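Below: one structure, written as structure tokens.
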Amino acid sequence: QVQLVESGGGLVQAGGSLRLSCTASGRTLSRLGMGWFRQAPGKEREFVAAIKWSGGGSQYADSVKGRFTISRENAKNTVYLEMNSLKPEDTAVYYCAAGEPPRGYSIYARSYDYWGQGTQVTVSS
């Protein structure tokens, strides 16, 4: 089993930056694909970014491509989401997820087995 805890959320102004962290316990992140998802009030949870266990491949939602970067340090059991040029529409609760999707990573929430509690990101205009 895997336990995930997100941190690094907060309140920032539009155009600012923020780095989210997700630390795992119970099992190392080695050989696990990782993803970040977000959910705003009244909306469905949506895909943000995903990365393979090796860190050699990643995917991004079109809405964040070029602004967000996902990375991982397996030795520290930690995955990161660096967010730059933040916009008010980025406001949401951000969740990290872990699993073993067939291709190594996935844009679908159903492909992940373990989820964190989420961290709030609020971007003011």
Side-chain angles (χ1 to χ4, degrees):
Q1 297 296 312
V2 176
Q3 293 176 303
L4 303 174
V5 180
E6 302 97 335
S7 63
L11 175 64
V12 298
Q13 294 183 347
S17 300
L18 203 62
R19 186 180 72 170
L20 305 183
S21 299
C22 175
T23 300
S25 62
R27 180 180 174 182
T28 69
L29 295 183
S30 297
R31 301 292 178 175
L32 288 175
M34 300 294 300
W36 285 96
F37 294 78
R38 66 187 183 186
Q39 187 168 21
K43 296 185 177 181
E44 298 293 327
R45 185 170 298 185
E46 66 175 357
F47 168 75
V48 176
I51 189 169
K52 292 181 177 180
W53 70 267
S54 66
S58 60
Q59 291 183 322
Y60 297 91
D62 289 341
S63 60
V64 306
K65 195 172 299 181
R67 299 189 297 120
F68 290 11
T69 302
I70 186 171
S71 62
R72 63 192 299 169
E73 292 186 69
N74 290 341
K76 296 182 178 181
N77 292 331
T78 300
V79 62
Y80 305 96
L81 184 68
E82 182 72 32
M83 304 183 293
N84 300 309
S85 301
L86 284 163
K87 306 174 181 179
E89 49 263 46
D90 294 318
T91 295
V93 176
Y94 284 70
Y95 300 89
C96 68
E100 298 181 69
R103 299 197 313 113
Y105 53 16
S106 175
I107 67 171
Y108 302 108
R110 64 186 299 177
S111 298
Y112 297 91
D113 300 312
Y114 310 104
W115 293 83
Q117 295 296 314
T119 185
Q120 177 71 48
V121 172
T122 302
V123 184
S124 61
S125 60

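Quick caveat, the model's predicted, so the values are computed rather than measured. By convention here, the first residue in the shown sequence is residue 1. In what follows, every heavy atom counts, from backbone to side chain, and hydrogens, waters and symmetry copies are set aside.
Every residue two or more places apart in sequence or in another chain that forms a side-chain contact (heavy atoms from CB on, under 4.5 Å) with R103 is listed here: Q59, Y105. Listed by chain and residue number, Q120 satisfy the side-chain hydrogen bond (donor to acceptor under 3.5 Å, both in side chains) test with T122 (two or more places apart in sequence, or in another chain). Applying the side-chain contact (heavy atoms from CB on, under 4.5 Å) rule to N84 yields the partners S17, E82; only residues at least two apart in sequence or on another chain are considered.
At a threshold of 4.5 Å between side-chain heavy atoms, the hydrophobic network of Ile, Leu, Val, Met, Phe, Trp and Tyr places V93 and W36 in two separate groups. Using a 4.5 Å cut-off between side-chain heavy atoms of Ile, Leu, Val, Met, Phe, Trp and Tyr, with links allowed through other members, V79 and V121 fall into the same hydrophobic cluster.
Between L18 and L86 there is a side-chain heavy-atom pair separated by less than 4.5 Å. Between Y112 and S106, some side-chain heavy-atom pair lies under the 4.5 Å cut-off. With a 4.5 Å cut-off on side-chain heavy atoms, R67 and Y60 do not count as touching. Here the side chains of M83 and L81 are in contact, with some heavy-atom distance below 4.5 Å.
A donor-acceptor pair under 3.5 Å is formed between the side chain of T119 and the backbone N or O of G9. Judged purely by atom type and a 3.5 angstrom limit, T91 has no side-chain atom pairing as donor or acceptor with the backbone of E89.
Interatomic distance, S58 OG to R72 CZ, rounded to the nearest 0.5 Å: 11.5 Å. The SG atom of C96 sits 10.0 Å away from the CD atom of Q117 when rounded to the nearest 0.5 Å. Distance CD/E6 to CG/L20: 8.5 Å, rounded to 0.5 Å. With rounding to the nearest 0.5 Å, the separation of CE in M34 from CD1 in I51 is 9.5 Å.
Through direct or relayed side-chain contacts under 4.5 Å between Ile, Leu, Val, Met, Phe, Trp and Tyr, L11 connects to no other residue. Taking a 4.5 Å side-chain heavy-atom cut-off between Ile, Leu, Val, Met, Phe, Trp and Tyr, the cluster of Y80 contains only that residue.
Note: Y95 and W115 have perpendicular aromatic rings, judged against thresholds of 30 and 60 degrees for the angle between ring planes.
Closest non-hydrogen pair, D113 versus E100, comes out as OD2-N, 4.3 Å.
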Identify all side-chain donor-acceptor contacts of residues 39-50 below 3.5 Å with residues at least two apart in sequence or on another chain.
| residue | atom | partner | partner atom | Å |
| --- | --- | --- | --- | --- |
| Q39 | NE2 | K43 | O | 3.1 |
| E46 | OE2 | R38 | NE | 2.6 |
| E46 | OE2 | R38 | NH2 | 3.2 |

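Ionic pairing of K87 and D90 is not present here: no N-O contact between side-chain nitrogen and carboxylate oxygen is shorter than 4.0 angstrom.
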